[in-house]
Amino acid sequence: LGVGTRIGKNGDAVVPNSPRSVVNSEKDFTDEDLLCKLNRLKETNVKLEDDNNETILAMNRTFSENLESMENKVMKLEGQLRKLKKENNALVANENQQDLEMP
């Protein structure tokens, strides 16, 4: 059965707003047919859930890897910043010393 399809009065599949409002009018769906369709839908649902879980796990791994990479870059930048601050302080101290030594 497709989206929007329902079972009609005679057990036929009826598609609303369709040029042919009755589909499969020659066949009545037995309980066995419906049970088989239900089981296939359940199997499909389980597969989709598994696929979704795999996708979510892959996204989490990628996010974790990206986060770790960014943390490493931040640590390197923080180290560079500390080094530049020390160099800047040394230059400022040197300039201050030179200003004091000038007559």
Approximate separation, where rounding is to 0.5 Å, of Arg82 CZ and Leu77 CG: 10.5 Å

Nearest-0.5 Å distance, CG of residue Asn60 to CG of residue Leu67: 11.5 Å

Pairwise salt bridge (Lys or Arg N to Asp or Glu O under 4.0 Å) hits with a residue in residues 45-67, at least two apart: Lys47-Asp51

Let me have the donor-acceptor pairs involving side chains of residues 83-95, under 3.5 Å, with sequence neighbours excluded, atom names and distances please.
from: Asn89; atom 1: ND2; to: Lys85; atom 2: O; distance (Å): 3.3

Distance in Å, Arg40 CZ paired with Asn45 CG, rounded so as to fall on 0.5 Å steps: 15.0 Å

Separation between CG of Leu57 and OG of Ser64, rounded to the nearest 0.5 Å: 10.5 Å

Gap separating the CG atom of Leu41 from the CG atom of Leu48, nearest 0.5 angstrom: 10.5 Å

Sequence neighbours excluded - side chain to side chain donor-acceptor pair (under 3.5 Å) pairs with any residue from residues 68-77: none

